[in-house]
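Read through the structure below, which is laid out as structure tokens, and then see the notes.
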Protein chains: 2
Amino acid sequence: MTSKKDLILETALKLFAQNGFSATSTSKIAKAAGVSEGLIFRHFENKEGLLHAILEMGRIKGMALFEGVTNFQKPEDQLKYILQIPFNIRKDELPFWKLLYALKWQSDNYDEEPSNQLKPIVIAIFSQLEYPKPELEAEFVLMLFDGMATAVLLKKIKKSKAIEDLILNKYNIHD
Amino acid sequence: MTSKKDLILETALKLFAQNGFSATSTSKIAKAAGVSEGLIFRHFENKEGLLHAILEMGRIKGMALFEGVTNFQKPEDQLKYILQIPFNIRKDELPFWKLLYALKWQSDNYDEEPSNQLKPIVIAIFSQLEYPKPELEAEFVLMLFDGMATAVLLKKIKKSKAIEDLILNKYNIHD
DNA sequence: TACATTTGTAAGTGATTACTCACTTTTTTA
DNA sequence: TAAAAAAGTGAGTAATCACTTACAAATGTA
């Protein structure tokens, strides 16, 4: 049985991802979750607190994703894993990632972008692969990563697998 | 002398880009522009109308940018021109592009994304360059384009010129 | 069981929201 | 120059905003 606190969290996440933070009122969240509006403030102090709870909840889930790279030894496999991340986002976690990517366009406060955590990892990979300028190549990959994630989250992609293969080919990684 | 209508337009653009559409009230716009709030509604009917006027104003400015590709004959030069667009955004047009990119995360209504207009052009280029799968390669370039634009608009880029050269090199285009 | 704590609600609060209206000032046109 | 049209204002409007408060129900603990 999910507690009402979790119910509020999940409902708010969906609505924030769908309509944006500012455009989603606490009364709408309460109504959608089937709880009284006051309960939101009992559990989360204020609307910002609710957002931070969602972000924290998701950040932990997200960390695990990036740590998955340690399952691979060879830098080629690690790079492959990272490049495939955007295409392997779980459907039920889509709202969270959409919210995260949308938030970075609103004020600088919410810039917990995946790329930030990912950067040192990617630099290390290109160093091992003996690229002449690992930092630069990493910056490029993260830009590409952003573009891929955007395409997936906004459902702009038709042949997901074909695009995935094309990208892997560019770095000479194959299935 | 700029008319008060244009003044409202420019002020709203800045505020929308800075804080988002929903988080920017008409009263704030009026105050920032130094006009009465009622004037906004005389000129633009409602808040949505104001947004649409901004989008239309910018769309025309943006079209010119994409048509610049016709100044080049060789497909290599055309591709180079397109890949450089995100790095050549004029400072005074930054708020507009930021707003445009932010809006596509809020509801599907505002998806006048640059990529959409750019896609057929890029496909044509890769066809001329005799790439085996022009549509796929175009889709890739547009994803990359999105990532580049995001990096530039959110000021996540340090060595802009270095990154620019790296990308051009990947497509065997040099200065 | 008794009492303390947590969880939950309903009805508020003042402030702010998008928008309207009655009116004046400025500009255009005949 | 006189009338018409357009531009602009300031004080409203009801609705909604984030948030509070007083109180009741449920739960934990001795």
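Just so we're on the same page: letters track the sequence lines, and every chain starts at 1.
Counting any heavy atom pair closer than 4.0 Å across all strands shown, B:Ser22 reaches no nucleic acid atom.
Side-chain atoms of A:Lys156 never come within 3.5 Å of backbone atoms of B:Met143 as a donor-acceptor pair (strictly under, hydrogens ignored).
Under the 30°/60° scheme for interplanar angles, the aromatic rings of A:Phe140 and A:Tyr171 are found to be tilted. Between A:Phe72 and A:Tyr81, the two ring planes are tilted [angle within 30° to 60°].
The residue among A:Glu45 and B:Lys5 whose nearest nucleotide of DNA chain D lies closer to the 5′ end is B:Lys5.
Whole-Å rounding puts the A:Lys4 NZ to C:dT6 P distance at 19 Å. In this entry the distance linking CG of B:Leu39 with C1' of C:dT26 reads 13 Å, nearest Å. Atom CZ of B:Arg42 and atom P of C:dT24 are 14 Å apart (whole Å). Between the P atom of D:dC17 and the CZ atom of A:Phe41 lies a distance of 11 Å, rounded to the nearest Å. The distance from atom CD1 of B:Ile40 to atom P of C:dT17 is 12 Å, rounded to the nearest whole Å. Straight-line distance from the NZ atom of A:Lys47 to the P atom of D:dT16: 15 Å, rounded to whole Å. Protein atom CG of B:Asn46 is 17 Å distant from nucleotide atom P of C:dT17, rounded to whole Å. The interatomic distance linking B:Lys31 (NZ) with C:dT17 (C1') rounds to 13 Å, in whole Å.
When the side-chain nitrogen and oxygen atoms of B:Ser27 are compared with OP1 and OP2 of C:dT17, one or more of them lie within a distance under 4.0 Å. Regarding contacts with the backbone of D:dA6, every side-chain N or O of B:His43 stays at 4.0 angstrom or more from both OP1 and OP2.
Proximity note for A:Ser36 (side chain, C-beta onward) versus C:dA18, C:dG8, D:dA7: the nearest is C:dG8. Nearest to the side chain of B:Thr26, among D:dG8, C:dA18, C:dT17, sits C:dA18.
The two residues B:Ile125 and B:Pro75 make their nearest non-hydrogen contact at CG2-O, 3.6 Å.
In this structure, CD1 in B:Ile8 is found 9.0 Å from CD1 in B:Ile29, a value given to the nearest 0.5 Å.
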